[in-house]
Amino acid sequence: MSAAVGVALAVVMTSGAAAVPASESDVGAAITTRVFDRATGEPVKGVCVLALPVLTFRLPNACSTRSGGGGRVTVEVPEPGQYNLFALPKPDSPYGAQWVGPDGGTGRQQDARRVTLATGETKRVNQILLDPRATISGAVNHWTGENAGLVSIAAPDLDLHQEMWSVPVAADGAFDIDWVGPYEWPVLFRLDREPAQWSGKVGNRLQAETVPAVIGGPAEPYQFWPTSQTRGFVRVVVRDEGPGLPGRVIFYNAVTRDVMGFDDFGQGRWKWVVQEYITGGQQIKIECQCPEGTRWYGGTDFDSATPVAVPYFGSVSVDLR
C-alpha cells in the first residue's frame, strides 16, 4: 500500500509524544510565553502553540492550547525532557506557522529553541514573534493524474482520519503550501506508487534540502523529481499465531520517528509477508500492530527497537516473530 494515499486511517500510535491538554499532564511541567506580531509588536490571540519532544513532529487537527489575552499562553507537557515550540496560526490567519527559534521563526526544527523541563518545573521563555504567511510552491516533474499524493511539512499522524495540513498534488503535478512562515522548510512528498521522501530525496527530515516559502509565492516553483534510484525494498515476515485478524506494519525513521511508510496485512493466515518501498539511505525502526498486540523488531518499544539500514536500490528482509 502506498504511503501517499489513504494514510489517514485510525490506529493507535505507540511512539512519538506530543503536547497534551492540561488535564492529561500528571508531571506539572509547563512552558509559558507570549505571542506577538513581529512587525507591530502587538499581542496575537488564538495561535496554537505546541510543545513537541526534540526532533519529533506531528501536526494535530485540533489544538488544546491557544494564546489568549495579551498573547499569553501556557503549554503543559506529558513528561520531563527537551521540547521545541511550534506556533500554528489558524488557517485563515495572516500569520505563518513557525518553529520558534531563539530570535524569531524558522522552518527547520534543528534550529528551534530547546526548552528543558524537569518534573514540576515551569519555564518562561522569550516571546514568539510571528511573520506574515508565505507560500511554498512546487511541481512534481512527471505526470501524476488524480489522487496522486500529498505534500506536507510534517509526516502523517496515523491517528487522524483526515490530514487538514497536507496538500494534494494537482493532476499537472503542481502544489502550494500557503500557510507557513517565510523561511526555508523541508517538504515531504508522498506520491502514488513512490516511497515517501523528503526534499532532496532523503528519508531523514533533518538532512532534507530546504525549500523557500515566499510571501506572495516564488516565481520559480521547487522542482521535485521522483526516482526509483533512491528507493530500497523492505520485506517483513509477520508470524501470527493468534486469531488471524488484520494488522499493520509501520516504518519509522529511526532519528525523527517520522512515519515513512506502512502496509496492512489481511486475515485468515498465520504468516504474512509485508513488502514496501522505502527511501534508501536512512535507518528505520519497524512496528507491527499485530492482532495479538504490538511488536517491535529487536525490542519492546521504539527506543529499544533495532535500527534497520535501508539500502539504495536494494533490499533488506526482517523477520518479526
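If you read the sequence from its start, that first residue is 1, and numbering goes on from there. Only heavy atoms go into these numbers, but all of them, side chains included; no hydrogens, no water, no symmetry mates.
- In this structure the side chain of Leu85 reaches within 4.5 angstrom of the side chain of Val49, judged on heavy atoms.
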Going through the distances and angles, do Ile153 and Leu59 end up as a side chain to side chain contact (heavy atoms under 4.5 Å, CB included)?
CA-CA 9 Å; Ile153 62 166; Leu59 281 176; 4.2 Å; yes
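- Proximity of Val73 to Thr33: side-chain heavy atoms (C-beta onward) are separated by under 4.5 Å at one or more points.
- Under a 3.5 Å cut-off, the side chain of Asp258 and the backbone N or O of Met260 do not form any donor-acceptor pair.
- Judged by distance alone, the side chain of Arg34 and the main-chain N or O of Gly70 form a donor-acceptor pair under 3.5 Å.
- Following chains of ILVMFWY side-chain contacts shorter than 4.5 Å, one can reach Tyr95 starting from Val75, so the two form part of one hydrophobic cluster.
- Ring-plane geometry between Phe86 and Phe57 is classed as tilted, the angle between the planes lying from 30 to 60 degrees on a 0 to 90 degree scale.
- Remark: side-chain polar atoms of Arg295 are not paired, donor with acceptor, to backbone N or O of Cys290 under 3.5 angstrom.
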Apply side chain to side chain contact (heavy atoms under 4.5 Å, CB included) to Trp99 and Leu52, showing your working.
CA-CA 10 Å; Trp99 286 106; Leu52 298 165; 3.6 Å; yes
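- Partners of Trp185 by ring-ring contact (aromatic ring centres under 6.0 Å, His included), not counting sequence neighbours: none found.
- No more than 12 heavy atoms of other residues, nucleotides or ligands sit less than 6.0 Å from atom CG of Asp103.
- Residues Ala97 and Tyr183 approach most closely at O-CE1, 3.7 Å, considering heavy atoms.
- Considering all non-hydrogen atoms of both residues, Ala213 and Val180 come closest at CB-CG2, 3.6 Å.
- Closest heavy-atom contact between Ile215 and Ala134: N-CB, 3.6 Å.
- The backbone N or O of Ala254 sits nowhere less than 3.5 Å from a side-chain atom of Gln283 that would complete a donor-acceptor pair.
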Step by step, would you call Val202 with Glu209 a side chain to side chain contact (heavy atoms under 4.5 Å, CB included)?
CA-CA 8 Å; Val202 298; Glu209 180 177 290; over 6 Å; no
Could you go through Phe224 and Leu191, starting from their C-alpha distance and side-chain angles, then the distance that decides it, and tell me whether this counts as side chain to side chain contact (heavy atoms under 4.5 Å, CB included)?
CA-CA 11 Å; Phe224 172 63; Leu191 305 180; 3.2 Å; yes
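- We find the CZ-OG1 distance between Arg248 and Thr294 to be 12.0 Å, quoted to the nearest 0.5 Å.
- Side-chain contact check for Leu158 versus Arg58: every heavy-atom pair is 4.5 Å or farther apart.
- With sequence neighbours excluded, the residues satisfying side chain to side chain contact (heavy atoms under 4.5 Å, CB included) with Thr135 are Ser137, Asp176, Asp178.
- Side-chain contact between Asn126 and Arg113 is present, with heavy atoms from C-beta onward closer than 4.5 Å.
- Atom CZ of residue Arg133 and atom CD1 of residue Ile177 lie 12.0 Å apart, to the nearest 0.5 angstrom.
- The residues Arg257 and Asp303 are annotated as salt-bridged, a charged nitrogen and a carboxylate oxygen being separated by less than 4.0 angstrom.
- When the side chains of ILVMFWY residues are joined at heavy-atom separations under 4.5 Å, either directly or via intervening members, Val125 and Leu117 end up in a single hydrophobic cluster.
- Grouping the Ile, Leu, Val, Met, Phe, Trp and Tyr side chains by contacts below 4.5 angstrom, directly or via other members, places Tyr83 apart from Val54.
- Interatomic distance, OG1 of Thr279 versus CD1 of Ile284, reported as 10.5 Å (0.5 Å rounding).
- Trp225 contributes atom CH2, which lies 14.5 Å from atom OG1 of Thr230 (distance to the nearest 0.5 angstrom).
- Not a single donor-acceptor pair under 3.5 Å links the side chain of Gln289 to the backbone N or O of Ile250.
- Contact annotation: the side chain of Pro156 approaches that of Leu188 to within less than 4.5 Å [non-hydrogen atoms, C-beta and beyond].
- Side-chain heavy atoms closer than 4.5 Å link hydrophobic residues (I, L, V, M, F, W, Y) into clusters, and following such links, even through other members, never connects Val255 to Val234.
- Closest approach of Pro311 and Gly314 over heavy atoms only: CG-C, 3.6 Å.
- In the displayed structure, Lys45 atom NZ is contacted under 6.0 Å by at most 12 heavy atoms of other residues, nucleotides or ligands.
- Taking CZ of Arg231 as the start and NZ of Lys201 as the end, the distance is 14.0 Å to the nearest 0.5 Å.
- One hydrophobic cluster, built from ILVMFWY side chains closer than 4.5 Å, cannot hold both Phe233 and Val310; they sit in different ones.
- The distance from atom OG1 of Thr122 to atom CD of Glu76, rounded to the nearest 0.5 Å, is 7.5 Å.
- A donor-acceptor contact shorter than 3.5 Å is absent between the side chain of Thr256 and the backbone of Asn253.
- Listed by first and then second residue, the disulfide bond (SG atoms under 2.5 Å apart) pairs involving residues 153-222 amount to none (not counting sequence neighbours).
- In this structure, Val47 and Pro89 approach most closely via the heavy-atom pair CG1-N, 4.1 Å.
- Using a 4.5 Å cut-off on side-chain heavy atoms (C-beta onward), Tyr222 and Ile136 make no contact.
- Annotation: Phe175 is in aromatic contact with Phe189 [ring centroid separation under 6.0 Å].
- Side-chain contact between Leu150 and Pro168 is present, with at least one heavy-atom pair separated by less than 4.5 Å.
- Of the possible donor and acceptor atoms, one in the side chain of Gln223 sits under 3.5 Å from a partner among the backbone N and O of Pro221.
- At least one side-chain heavy atom of Lys285 sits less than 4.5 Å from a side-chain heavy atom of Pro307.
- Shortest non-hydrogen contact noted between Val35 and Ser67 is CG2-CB, 3.8 Å.
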